[in-house]
Protein chains: 2
Amino acid sequence: MAEPFILDDFLPYRMSVLAGRLSREYSRIYQERFGLSRAEWRVVAHLSQESAVSVREIHARVDMDKSKVSRAATRLEQAGYITKRTSISDRRLVELALTGKGHEMMAELAPLAQAFQDELLTRLGAHADGFLRGADRLLEISDG
Amino acid sequence: MAEPFILDDFLPYRMSVLAGRLSREYSRIYQERFGLSRAEWRVVAHLSQESAVSVREIHARVDMDKSKVSRAATRLEQAGYITKRTSISDRRLVELALTGKGHEMMAELAPLAQAFQDELLTRLGAHADGFLRGADRLLEISDG
DNA sequence: CTGGCTTTGTCGCATTTGCAACGGGTTTCC
DNA sequence: GGAAACCCGTTGCAAATGCGACAAAGCCAG
């Protein structure tokens, strides 16, 4: 009685597919408008929350490899969206922060993200609450 | 009043992080034991459900690029886990199927996957039902 | 049947990715 | 005060990835 395995019911798989589709769908917006990659979008979005953040913090909170964050930051700096500055209190750290241009971009992107989010919540309908709580649960335990 | 954007509440982002963590956590199992990549695992897992499947079908259902499926299949064939055979009814198609060795591997992997799944459901606890329904909802609408 | 038009899988190529190693910086502990 | 251990960000490199192009095969109208 071996092999009653059903991929479609397997949670890591379903999450991957779902995440892939949602991210791809949404990524069109910032890619077409600003030429951002997904990694770059994440960095910028994270920076819009807290003002000056080190690479390490993003790496930890955003589930991206150090090098990925680092390279995204380099590209964003070249594009003029963020600044990189070595921290004064700890010269190992690099403080990332949005430039004026970066803030403008986020000001344009934030409503679009919100709209996308709202649409998803509409799709979820009555299941929204349960879904979000479950996601919380898995996220908080899976790492911290 | 611009920029009230909170990345942590943004669904595509949360799904990406969650999917990444779950997949990475589970991938240790089949990577250490059988040296499979994530793409290869997906192909094999899919094949364990339906006997003979074309590259195209997997590409469509599993959210992987054609070339990704193709290359994963090539590696799996070289490793002796699957066979590739051009279909008789339509010679464009390539029928993928598990070998005996492939079935053995799945027989070993299936219970481990089940155990992982059970653990996740335990983590979800009372939220499990709501979460799964929500995921269904998003998946069924996001593409088909 | 024959000449388009679509579909399927593979491959080339440029880019991205993850991992490990490295070079500075800092803390710790004697 | 200094050396060993540790932490941070960048870079090199091999592997993986996505995209477009391509050949082979099927389909379809005339």
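Keep in mind that the numbers below use all heavy atoms, side chains included, and drop hydrogens, waters and symmetry copies. Chain identifiers are assigned alphabetically (A, B, ...) following the order of the sequence lines, protein sequences preceding nucleic acid strands; residue numbering begins at 1 within each chain.
Counting only heavy atoms from C-beta on, A:Lys84 has its side chain closest to D:dT10 among D:dT10, C:dT16, D:dC19. Across C:dT10, D:dA16, D:dC8, the shortest atom-to-atom separation from the side chain of B:Arg75 is found for D:dA16.
A:Asp65 has its CG atom 14 Å from the C1' atom of D:dC13, to the nearest Å.
A donor-acceptor contact under 3.5 Å links the side chain of B:Arg71 to the base of D:dG18. Between the side chain of A:Arg92 and the base of C:dT26, no donor-acceptor pair under 3.5 Å is found. In the interface, the side chain of A:Ser54 is not paired with the base of D:dC8 through any donor and acceptor atom under 3.5 Å apart. For A:Ser67 against C:dC19, a side-chain-to-base donor-acceptor contact under 3.5 Å is present.
Inter-residue side-chain proximity for B:Val94 and B:Ser70 is flagged as unmet; no heavy-atom pair is nearer than 4.5 Å.
Nucleic acid contact for A:Lys68: sugar-phosphate only, since backbone atoms but no base atoms lie under 4.0 Å from a heavy atom of the residue.
Projected onto DNA chain C by closest heavy-atom contact, A:Arg91 and A:Ser37 fall at different nucleotides, the more 5' of which corresponds to A:Ser37.
Electrostatic pairing of A:Arg21 and A:Glu25 does not count as a salt bridge here, judged by no charged N lying under 4.0 Å from a carboxylate O.
With B:Ser37 as the partner, the side-chain contact (heavy atoms from CB on, under 4.5 Å) test is satisfied by one option alone out of B:Arg71, B:Arg42, B:Arg75: B:Arg75.
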